[in-house]
Protein chains: 2
Amino acid sequence: MAAPDATLRGLTGYRIQRAAIRAMARVNAALAPLGLRRSTFSALAVVSDTPGLRQTQLAEALAIERPNLVQIIDDLEAAGLMVRERAEGDRRAYALLPTEAGRAVYARALARLQRAEAALTRGLSPAETQALHRALQIIEDNAGEETGDEIEIPSA
Amino acid sequence: MAAPDATLRGLTGYRIQRAAIRAMARVNAALAPLGLRRSTFSALAVVSDTPGLRQTQLAEALAIERPNLVQIIDDLEAAGLMVRERAEGDRRAYALLPTEAGRAVYARALARLQRAEAALTRGLSPAETQALHRALQIIEDNAGEETGDEIEIPSA
DNA sequence: CCTAACAGTTATACTATATATCTATATTGC
DNA sequence: GCAATATAGATATATAGTATAACTGTTAGG
C-alpha cells in the first residue's frame, strides 16, 4: 500500500520541509538547556566567530530580514551573551560583540549541536553528508535567484 | 575570506533550514495564484489521492498535529475545494473528500509545483535528486526517533 | 545645502508548530 | 449492561519565525 502522501514525496520541497521541521525540533531541544534556540544560537555563533560585525552584516550572513534581527539581539543582550557597541566612524551602526559568557555558551552549544548532528546524520557516510550539503546549497541558490515572482523554466 | 557563517555551514540542520526557507518561499509563490499555500496544497493533495481518509489519518500522513489541521481543512472547505462528510460507522469522524473544483485546482497546482521543482533542482542530476531525497528521509527518521528529550550518541 | 541611501527600529500581519483541555462517541473489560 | 478508557475532532493558547511598510537619525554624493 503506497503512503497517502506518495505524490508529495516526489517533491523536493516537501522532503526538505519535513526534514527541516523534525531536525529543528531536535536542534532546539539540544539548545534549550543553554537558554538558546536556533535563531539566537546562529546569531551568537556568527558574532563569536566574527566579532565587531554590524547588524546589517549579521542579517545578511544569516539570510534574515533586518527588523527580525532586533529581537534576537535583544534576547542575547538580555541574557548577557552579546553587547551592542556604537561603531567607530558611523554613529548609525553598532558593532556586535560576544561577552565572555557568550563565548563560553557558544562553545558548549556548538559541542551539543555537533553531537545532535551526528545523531541526525547517522546512516549517512561523510561523502553523502557532503553531497547533501552541496545539493542544499544549490537549491538555496536556485530558490534565491531573482526571477520576478515565480521561477521561470527555460524552454526545453 | 570565509563566510561569516562558515562554522554554521558545517551543520546539516543549518543547511536544511536555509534551503527550506528559500524553497518554501518559491513553493508558496507558485501556489498563491491558485489561492493555495504549502499546507493547504499538501492537504488537498493527500485527500485528492486518497479520498475518504479521516482527519487523524491526514494529520499522520502530513506529520502535523491534529489541532493544526482544523484551520487548514476549514480554509479548503471555505474555498470549495474539499468537504467533510460524516463517516459511516463512526459519528465522531469525518471522511474528507475533494470537490470537483478541488481536483481541478490540485491538478493545476501540482503542474505548477513540478515546474517550480525543476527550477529548484536545476544543476542536480536525477540521481543526485534521488540521493537528496533519501538523505532527507534518513534525517527525518533519525530526528523522529524517540530518545527522551535529546538524541543520544552511542559510545564510540 | 539638498537629495538619496543607509542602519537600526517599531509596528504589523501572516504562517506554522506545539501543547493542554474539552465534548461527543466508540471500545474494552469485567 | 455498565463503568472505565480511548478516540475524533475541536477550541484555546503560547511560541517562533518570516515578511513588509514606515519611521528616525545619520551618512554619502552631487
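Per chain, numbering begins at 1; letters A, B, ... match sequence-line order.
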In whole angstrom, what separates [X]'s [atom1] from [N]'s [atom2]?
X      : N       : atom1 : atom2 : value
I73(A) : dA7(C)  : CD1   : P     : 14 Å
D75(A) : dT15(D) : CG    : C1'   : 12 Å
R38(B) : dT18(D) : CZ    : C1'   : 13 Å
L96(A) : dG8(C)  : CG    : C1'   : 11 Å
E88(A) : dA7(C)  : CD    : C1'   : 17 Å
E85(B) : dA8(D)  : CD    : P     : 19 Å
Q17(A) : dT17(C) : CD    : C1'   : 11 Å
D74(B) : dA12(D) : CG    : C1'   : 15 Å

Quick one: label [X] by what it contacts on the DNA or RNA (base, sugar-phosphate, nothing), any heavy atom closer than 4.0 Å.
X      : value
E65(A) : base
I21(B) : sugar-phosphate
R86(B) : nothing

- Query: How long is the gap from CG on N142(B) to CD on E117(A), to the nearest 0.5 Å?
  - Reply: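 Output value for this atom pair is 11.5 Å.
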- Item | Closest-nucleotide 5' rank along DNA chain D - winner of I64(A) and G89(A) |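 On the 5' side of the pair lies I64(A).
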- Position toward the 5' end of DNA chain D (nearest nucleotide), A63(A) or Q57(B):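 Nearest-nucleotide comparison on DNA chain D picks Q57(B).
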Do [X] side-chain and [N] base share a donor-acceptor contact under 3.5 Å?
X      : N       : value
N68(A) : dA19(D) : yes
R92(A) : dG8(C)  : no
R91(A) : dT26(D) : no

- Query: For R54(A) and A25(A), take the nucleotide of DNA chain C holding the closest heavy atom to each; which residue's nucleotide lies nearer the 5' end?
  - Reply: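 Looking at DNA chain C, the more 5' nearest nucleotide goes with R54(A).
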- Message: If you assign N28(B) and Y94(A) each to the DNA chain C nucleotide with the nearest heavy atom, which residue ends up on the more 5' nucleotide?
- Response: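 Nearest nucleotide further toward 5': that of Y94(A).
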Taking only side-chain nitrogens and oxygens of [X], does any of them come within less than 4.0 Å of OP1 or OP2 of [N]?
X      : N       : value
R66(A) : dA22(D) : no
R22(A) : dA18(C) : yes
T56(B) : dG9(D)  : yes
Q55(A) : dC6(C)  : no

- Item | Minimum-distance nucleotide (side-chain atoms of R37(A) versus dG17(D), dA8(D), dT11(D)) |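 Output: dG17(D).
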- Message: Walk me through whether R15(A) and Q137(B) qualify under side chain to side chain donor-acceptor pair (under 3.5 Å).
- Response: CA-CA 7 Å; R15(A) 290 290 197 163; Q137(B) 185 62 55; 2.4 Å; yes
- State, yes or no, whether a side-chain contact exists between R18(A) and R9(A) at a heavy-atom distance under 4.5 Å.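 Yes, close enough: below the 4.5 Å cut-off.
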- Query: Are Y14(A) and S42(B) close enough that some pair of their side-chain heavy atoms sits under 4.5 Å apart?
  - Reply: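 Y14(A) vs S42(B): side chains touch.
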- Message: Could you tell me if T7(A) and D49(B) have a donor-acceptor pair between their side chains, going purely by distance under 3.5 Å?
- Response: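 Result is yes, a qualifying pair exists.
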- Item | Same apolar cluster: I16(B) and I64(A), side chain cutoff 4.5 Å |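 No, it is not one cluster - the side chains of I16(B) and I64(A) are not joined through contacts under 4.5 Å.
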